[in-house]
Amino acid sequence: QVQLAESGGGLVQAGGSLRLSCAASGRSFSSLTMSWFRQAPGKEREFVSTYTGYGGRDYVDSVKGRFTISRDNGKNTVYLQMNSLKPEDTAVYYCAARIQFDSYRDYRRYDYWGQGTQVTVSS
């Protein structure tokens with residue numbers, strides 16, 4: 001029903017920046033809760049940020065002040081601007097979407113996922 005296409009990952013030095021993009025297709029984008037998760041080797045998938053269809057935004061504490069989520073409903077795209085990157089930000093980053101806006105920090109509740117994009121931050 002919904003397809004997600006991610007881009008923007010790569011290798012960056014500590015303190016650098018990356019912008020991840022996730023383009024959605026298949027249904028009304030503006031009504032979707034769009035979120036970013038990440039998963040590092042040996043760790044469980046972790047919530048990073050969300051932007052609901054109602055305009056609510058949230059971040060995990062470890063990225064507050066460094067990451068900014070935004071969305072362009074005209075382009076059906078959500079972005080994650082990542083500044084002041086740290087080696088501990090290294091992970092595969094996933095875009096995820098769901099119709100509901102409750103429990104948005106729980107990856108198990110999401111219906112649609114992108115393929116994942118690798119972010120590597122070198123020290």
Side-chain angles (χ1 to χ4, degrees):
Q1 183 65 242
V2 177
Q3 291 185 325
L4 304 176
E6 296 165 279
S7 62
L11 175 65
V12 66
Q13 298 179 49
S17 298
L18 287 172
R19 188 179 73 160
L20 306 183
S21 299
C22 176
S25 62
R27 69 157 291 144
S28 178
F29 176 78
S30 62
S31 64
L32 294 174
T33 292
M34 301 292 298
S35 298
W36 292 95
F37 292 82
R38 65 188 181 186
Q39 189 165 21
K43 293 186 177 181
E44 193 172 5
R45 191 161 298 188
E46 176 191 30
F47 168 80
V48 178
S49 185
T50 193
Y51 201 140
T52 73
Y54 297 91
R57 290 169 286 178
D58 196 19
Y59 304 87
V60 66
D61 287 345
S62 61
V63 309
K64 287 182 178 178
R66 299 189 297 120
F67 292 8
T68 302
I69 191 169
S70 61
R71 64 192 294 167
D72 185 338
N73 289 337
K75 295 182 177 180
N76 289 359
T77 300
V78 65
Y79 305 94
L80 186 67
Q81 179 67 46
M82 305 186 294
N83 298 327
S84 301
L85 283 162
K86 304 175 180 179
E88 51 262 47
D89 295 318
T90 295
V92 177
Y93 283 70
Y94 297 92
C95 178
R98 65 194 296 255
I99 297 173
Q100 298 85 354
F101 55 86
D102 64 304
S103 301
Y104 56 79
R105 301 173 80 99
D106 186 355
Y107 71 88
R108 302 173 185 87
R109 306 295 181 90
Y110 282 75
D111 304 301
Y112 308 104
W113 291 87
Q115 78 283 359
T117 184
Q118 177 70 47
V119 172
T120 302
V121 184
S122 63
S123 60

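Tyr107 and Trp113 have perpendicular rings, their planes meeting at more than 60° on a 0 to 90° scale where under 30° would count as parallel. In this pair, Tyr110 and Phe37 present their aromatic rings perpendicular. The plane angle is above 60°, beyond the 30 to 60° band.
Arg71 contributes a side-chain N or O that, together with a main-chain N or O of Tyr51, makes up a donor-acceptor pair within less than 3.5 Å. Judged by distance alone, the side chain of Asp106 and the main-chain N or O of Ser103 form no donor-acceptor pair under 3.5 Å. Remark: the backbone N or O of Val121 is paired with a side-chain donor or acceptor of Thr90 at under 3.5 angstrom. With hydrogens and angles disregarded, a donor-acceptor distance shorter than 3.5 Å links the side chain of Thr33 to the backbone of Gln100. Within the 3.5 Å criterion, the main-chain N or O of Leu20 finds no donor-acceptor partner in the side chain of Glu6. Side chain of Ser35 to backbone of Thr50: no donor-acceptor contact under 3.5 angstrom is found.
Contact check for Arg98 versus Arg109: side-chain heavy atoms found under the 4.5 Å cut-off. Side-chain atoms of Ser17 and Gln81, non-hydrogen and from C-beta on, do get closer than 4.5 Å to each other. Residues Tyr104 and Asp58 have side chains in contact (heavy-atom distance under 4.5 Å, counting atoms from C-beta outward). Taking 4.5 Å as the limit, some side-chain heavy atom of Val119 sits within range of a side-chain heavy atom of Met82. You'll find the side chain of Asp111 stays beyond 4.5 Å of the side chain of Val2, heavy atoms only. Residues Leu18 and Leu85 have side chains in contact (heavy-atom distance under 4.5 Å, counting atoms from C-beta outward). With a 4.5 Å cut-off on side-chain heavy atoms, Met34 and Cys22 count as touching.
Contact between Ala40 and Ala91 at its shortest, heavy atoms only, is N-CB, 3.9 Å.
Follow the hydrophobic side-chain contacts under 4.5 Å out from Phe67 and you reach Val78 in the same cluster. Under a hydrophobic-cluster definition in which Ile, Leu, Val, Met, Phe, Trp and Tyr are linked whenever side-chain heavy atoms come within less than 4.5 Å, directly or via other members, Leu4 and Val92 are assigned to the same cluster. Ile99 and Trp36 fall within the same hydrophobic cluster, where Ile, Leu, Val, Met, Phe, Trp and Tyr residues are linked whenever their side-chain heavy atoms come under 4.5 Å apart, directly or through other members.
In this structure, Arg45 satisfies the cation-pi test against Tyr94, with its NZ or CZ atom closer than 6.0 Å to the six-membered ring centre and inside 45 degrees of the ring normal.
Other residues, nucleotides and ligands contribute at most 12 non-hydrogen atoms within 6.0 Å of the CD atom of Gln3. Surrounding CZ of Arg105 are more than 12 heavy atoms belonging to other residues, nucleotides or ligands, all under 6.0 Å away.
With respect to Asp61 and Lys64, a salt bridge is recorded, a charged nitrogen being found less than 4.0 Å from a carboxylate O.
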In sequence, state the C-alpha distance, the side-chain angles, and the governing distance for Glu88 and Lys43, and then conclude on salt bridge (Lys or Arg N to Asp or Glu O under 4.0 Å). CA-CA 12 Å; Glu88 51 262 47; Lys43 293 186 177 181; over 6 Å; no

Evaluate Ser31 against Phe29 for side chain to side chain contact (heavy atoms under 4.5 Å, CB included), listing each step before the verdict. CA-CA 5 Å; Ser31 64; Phe29 176 78; over 6 Å; no

Going through the distances and angles, do Leu80 and Thr68 end up as a side chain to side chain contact (heavy atoms under 4.5 Å, CB included)? CA-CA 6 Å; Leu80 186 67; Thr68 302; over 6 Å; no

Taking it one step at a time, do Thr120 and Gln118 satisfy side-chain hydrogen bond (donor to acceptor under 3.5 Å, both in side chains)? CA-CA 6 Å; Thr120 302; Gln118 177 70 47; 3.3 Å; yes

Are Tyr93 and Arg38 close enough, and set up right, to give a side-chain hydrogen bond (donor to acceptor under 3.5 Å, both in side chains), and what steps lead you there? CA-CA 4 Å; Tyr93 283 70; Arg38 65 188 181 186; 2.9 Å; yes

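Taken to the nearest 0.5 Å, the OG atom of Ser30 stands 5.0 Å off from the CG atom of Asn73. In this structure, CD on Glu46 lies 5.0 Å from OG on Ser62, to the nearest 0.5 angstrom.
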